[in-house]
Amino acid sequence: MTATVASHRKPRQHPLAALTGGSRSARTARTAATLALAGAATAAGLDGTGQAAPQPTPAQVKNRVDVLYQEAEVATQSYNGAKEAAERAREELSRLQDEAARRTENLNAARTELGTMAASQYRSGGIDPTVRLLLSADPQRYLDGAAVLQRTGSHQATAVAGYARRLGSVRQIQRRAEDTAERLADTEAALKKHRVTVVHKLGAAEQLLSRLTAEQRQRMAGRGGAHAGAGEGRADRGTGRGDGLRADAGPEAAAAAARAADPRAARAVAFAYAALGKPYVWGATGPSAFDCSGLTQAAWKAGGVALPRTTYTQISSGPRIDRSQLTPGDLVFFYSGISHVGLYVGDGKMIHAPHPGAPVRIAPIDQMPFAAATRPA
């Protein structure tokens, strides 16, 4: 009876069915319509009529590329400083290793002399206490005992004391070499880190520039931004000409050199003019390519003055000069972090190595945020 009534009972609708549209066929139709609308929306997004992110304008690209190049230059100067420190550490380590080898050789000669002395005394029927001390397995006991025995005044004691001094000096040099090796390892790790940062920043800048047409890049370069990109920069390298460069630089260079503060600055100015058109390569100091501080260092080296490697250290290479007192040859620095430098050539202009894709060129010093100026001494 119960079963029969149940067979004629209308199936109870699940509470969720009312919310999802009732029958299966109706739900299926609505699902198909929803998918069709979603597909249409996706297609609209792909063909640019939906909410796709707009392409950056050339001005936006330029602004972002400017930031990336400036950040890359900060990292480049850090890289240059770490590279210079690593080179000094390598030189010091090599010198210490050579010194340790020389002192060890003298130590071995002294030990041989003491060994000969011990053999002679043994044949004579005994071994001097100083020599027995030498043969001790405990080096510290040997050194402590040698200081005591030196006061005995015997020939053997004097010889052993000399050996002790040599042994101490060898150990001192070895400790210094170990410390230097650790410092070199730390510096090389920093060098690698800065290299990765530079490559990343420059790669991001080039990726942004690749979105522009060649005409847009050229217009950008013509406005002073000089973001021609690595490919277009090569056209300037063989001719020494490009944006901001002049074929008649000879008379201009001579005039700038004549206004320099002294003959050294004049030679630095002449070098900078001769470098016009050479490519920017980060970390380069010439003669075929330069970064910004590499160019100023090479220019003043031609003038007979040894500048340090980075912008952060070059700014302290001479007295600070007020902007109104600039003369050709002075170093002009930019940005609050002192991350860029150029060589002033007069008339409010400088020669500098801007960034990849922009060769060494003449540019107004107002092109970047001016920070300070120095006259190398």
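Numbers here are sequence positions counted from 1.
- Thr327 and Arg259 are not linked by any side-chain donor-acceptor pair at a separation below 3.5 angstrom, with hydrogens and angles left out of the test.
- Both Val199 and Leu191 sit in one connected hydrophobic cluster of ILVMFWY residues. Membership requires side-chain heavy atoms under 4.5 Å apart, directly or through other members.
- Of the possible polar contacts, none joining the Asp291 side chain to the Val281 backbone as a donor-acceptor pair under 3.5 Å is found.
- Nearest heavy-atom pair across Arg309 and Gly294 is NH1-N, 3.2 Å.
- Note on residues 294-330: no pairs pass ring pair (Phe, Tyr, Trp, His ring centres under 6.0 Å), not counting sequence neighbours.
- Rounding to the nearest 0.5 angstrom, the gap separating the CZ atom in Arg375 from the CG atom in Asp262 is 8.5 Å.
- Cluster annotation: Ile321 and Val345 are assigned to distinct hydrophobic clusters (Ile/Leu/Val/Met/Phe/Trp/Tyr, side-chain heavy-atom contacts under 4.5 Å, transitive).
- Nearest heavy-atom pair, Pro319 versus Ala377, reported as atom, atom and distance to 0.1 Å: CD-CB, 4.3 Å.
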- Working for side chain to side chain contact (heavy atoms under 4.5 Å, CB included), residues His340 and Cys292: CA-CA 6 Å; His340 190 76; Cys292 70; 3.5 Å; yes

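- Note: Phe334 and Phe370 have perpendicular aromatic rings, judged against thresholds of 30 and 60 degrees for the angle between ring planes.
- Residues Gly277 and Pro359 share a closest heavy-atom pair of O-CB, 3.5 Å.
- Evaluation of the ring pair (Phe, Tyr, Trp, His ring centres under 6.0 Å) test over residues 178-215, restricted to residues two or more places apart or in two chains, returns none.
- Between the side chains of Ser339 and Gln70, at least one donor N or O lies within less than 3.5 Å of an accepting N or O.
- Ile365 contributes atom CD1, which lies 5.5 Å from atom CG of Leu326 (distance to the nearest 0.5 angstrom).
- Remark: the backbone N or O of Pro287 is paired with a side-chain donor or acceptor of Lys278 at under 3.5 angstrom.
- Here the side chains of Leu212 and Val61 are in contact, with some heavy-atom distance below 4.5 Å.
- In this structure a side-chain-to-backbone donor-acceptor pair under 3.5 Å is present from Ser78 to Val74.
- Annotation: the span from Leu276 atom CG to Arg361 atom CZ amounts to 10.0 Å, rounded to 0.5 Å.
- No side-chain heavy atom of Thr285 sits less than 4.5 Å from a side-chain heavy atom of Lys301.
- Lys62 and Asp66 are joined by a salt bridge, as a carboxylate oxygen and a charged side-chain nitrogen come within less than 4.0 angstrom of each other.
- Using a 4.5 Å heavy-atom threshold, the side chains of Tyr69 and Thr76 count as separate.
- Expressed to the nearest 0.5 Å, how far OG1 of Thr313 lies from CD1 of Ile338 amounts to 12.0 Å.
- The pair Glu99-Arg103 meets the salt-bridge criterion, with a side-chain N (NZ, NE, NH1 or NH2) lying under 4.0 Å from an Asp/Glu carboxylate O.
- Remark: Tyr79 pairs with Arg195 by the side chain to side chain donor-acceptor pair (under 3.5 Å) rule, at least two apart or across chains.
- Rounding to the nearest 0.5 Å places CH2 of Trp282 at 8.5 Å from CG of Asn80.
- Judged by distance alone, the side chain of Asp322 and the main-chain N or O of Ser324 form a donor-acceptor pair under 3.5 Å.
- The two residues Ala72 and Leu202 have their closest heavy-atom pair at CB-CD2, 3.7 Å.
- Around the CD atom of Glu87, the shell of radius 6.0 Å holds more than 12 heavy atoms that belong to other residues, nucleotides or ligands.
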- Leu343 and Leu295: CA distance, side-chain angles, deciding distance, side chain to side chain contact (heavy atoms under 4.5 Å, CB included) verdict: CA-CA 9 Å; Leu343 189 86; Leu295 173 64; 6.0 Å; no

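- Remark: the backbone N or O of Pro58 is not paired with any side-chain donor or acceptor of Gln216 at under 3.5 angstrom.
- Side chain of Ser169 to main chain of Arg166: a donor-acceptor pair is present (N/O by atom type, distance under 3.5 Å, no hydrogens or angles).
- With a 4.5 Å cut-off on side-chain heavy atoms, Tyr273 and Ile362 count as touching.
- With contacts defined as side-chain heavy-atom distances shorter than 4.5 Å, the pair Ser336/Pro369 does not qualify.
- In terms of the side chain to side chain donor-acceptor pair (under 3.5 Å) criterion, Arg211 has no residue partners (sequence neighbours excluded).
- Through side-chain heavy atoms spaced under 4.5 Å, either directly or across other Ile, Leu, Val, Met, Phe, Trp or Tyr residues, Leu93 is tied to Leu184.
- Listed by chain and number, the residues in a side chain to side chain contact (heavy atoms under 4.5 Å, CB included) with Arg88 are Glu84, Ala85 (sequence neighbours excluded).
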- Query: Checking side chain to side chain contact (heavy atoms under 4.5 Å, CB included) for the pair Asn63/Gln60: CA distance, chi angles, key distance, verdict?
  - Reply: CA-CA 5 Å; Asn63 291 338; Gln60 290 172 328; 5.5 Å; no

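- Between atom CZ of residue Arg165 and atom CG of residue Asn106 there is a gap of 12.5 Å, rounded to the nearest 0.5 Å.
- Scanning for side chain to side chain donor-acceptor pair (under 3.5 Å) contacts around Arg64 gives an empty result, with sequence neighbours left out.
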- Item | Arg183 vs Glu92, salt bridge (Lys or Arg N to Asp or Glu O under 4.0 Å): CA-CA, chis, key distance, verdict | CA-CA 11 Å; Arg183 188 171 75 251; Glu92 182 181 358; 2.6 Å; yes

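- Applying the side chain to side chain contact (heavy atoms under 4.5 Å, CB included) test to Ala298 and every residue at least two apart in sequence or in another chain returns Phe271, Phe290.
- At a threshold of 4.0 Å, the pair Arg320-Asp330 does not count as salt-bridged, since none of the basic side-chain nitrogens sits closer than that to a carboxylate oxygen.
- Listed for the Thr374 side chain is a donor-acceptor partner under 3.5 Å among the backbone atoms of Ile315.
- Side-chain atoms of Val332 and Val341, non-hydrogen and from C-beta on, never get closer than 4.5 Å to each other.
- In this structure, Gln297 has no side chain to side chain donor-acceptor pair (under 3.5 Å) partners at least two apart in sequence or on a different chain.
- Defined by atom type and a distance below 3.5 Å, a donor-acceptor pair is missing between the side-chain atoms of Thr296 and Ser293.
- Shown here are the side chain to side chain contact (heavy atoms under 4.5 Å, CB included) partners of Ala274, two or more places apart in sequence or in another chain: there are none.
- Taking 4.5 Å as the limit, every side-chain heavy atom of Val198 sits out of range of all side-chain heavy atoms of Glu73.
- Here the closest heavy-atom approach between residue Met350 and residue Gly342 is recorded as SD-CA, 4.0 Å.
- A donor-acceptor pair under 3.5 Å links the side-chain atoms of Gln77 to the main chain of Thr311, judged by distance alone.
- Screening residues 184-193 for side-chain hydrogen bond (donor to acceptor under 3.5 Å, both in side chains), with sequence neighbours left out, gives Arg90-Glu188.
- Within the 4.5 Å cutoff, the side chain of His352 has heavy atoms near those of the Met368 side chain.
- Pro376 approaches Gly329 most closely through the heavy-atom pair CD-O, 4.2 Å.
- Remark: Arg267 engages Pro263, Arg264 in a side chain to side chain contact (heavy atoms under 4.5 Å, CB included) (not counting sequence neighbours).
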